[in-house]
Amino acid sequence: LAQVAAAVEFLFLFTLACGLLVLYATLMASQDERIRQAAIVRALGASRAQLSRARWIELAFTGALAGLLAGAGASAASWALARFAFKLAWHFSPVLWLAALCAGVACAVLGGWAGLRAVLNNAPLHSLRTN
């Protein structure tokens, strides 16, 4: 049973690392469009702080949704394994859902913020002229 737990932990960490890489690649692929959108919004009067706050909120909600989906998947997988593979009683764990939610938000904010810093650091006029 300890070997199974170690294998599941390894798969979890591997999946988490892959998810962070996919998030970063997605943000890098859409970075030019995000810079252009940020330049337009800033040219229309939004402050850098407002734009930063909007990005934080976007990343937090994206991470929360990802965490809740991961919690649902983990609960479904643990139920199926407990019932069909190990013939054990399964109990709902709200801690799993809370941990998945917090991990999703943390990973999205940390992984996403690294890719979105360039969006806030570009001057609006320069961004609009080059795009």
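In what follows, residues are counted from 1 in the order of the sequence shown.
- The shortest non-hydrogen separation linking Ala64 to Val105 is N-CG2, 3.6 Å.
- Here the CG atom belonging to Leu68 is positioned 10.0 Å from the CG atom belonging to Leu98, to the nearest 0.5 angstrom.
- Clustering ILVMFWY residues whenever any of their side-chain heavy atoms sit less than 4.5 angstrom apart, transitively, puts Leu59 in a cluster other than the one holding Ile57.
- Taking every heavy atom of both residues into account, Trp97 and Ser75 meet most closely at NE1-OG, 3.0 Å.
- Between Leu96 and Gly71, the shortest heavy-atom contact is CD2-O, 4.1 Å.
- In this pair, Trp79 and Phe84 present their aromatic rings perpendicular. The plane angle is above 60°, beyond the 30 to 60° band.
- A salt bridge between Arg36 and Glu33 is absent, with no side-chain N of the basic residue lying under 4.0 Å from a carboxylate O of the acidic one.
- Heavy atoms only, all atoms of each residue included: Gln50 and Ala46 are closest at OE1-CA, 3.3 Å.
- In this structure, Leu69 belongs to a hydrophobic cluster whose other members, linked by side-chain heavy atoms under 4.5 Å apart, are Leu65.
- With rounding to the nearest 0.5 angstrom, the CG atom of Leu51 is 10.0 Å from the CZ atom of Arg34.
- Separating the OG atom in Ser78 from the CZ atom in Phe86 is a distance of 11.0 Å, to the nearest 0.5 Å.
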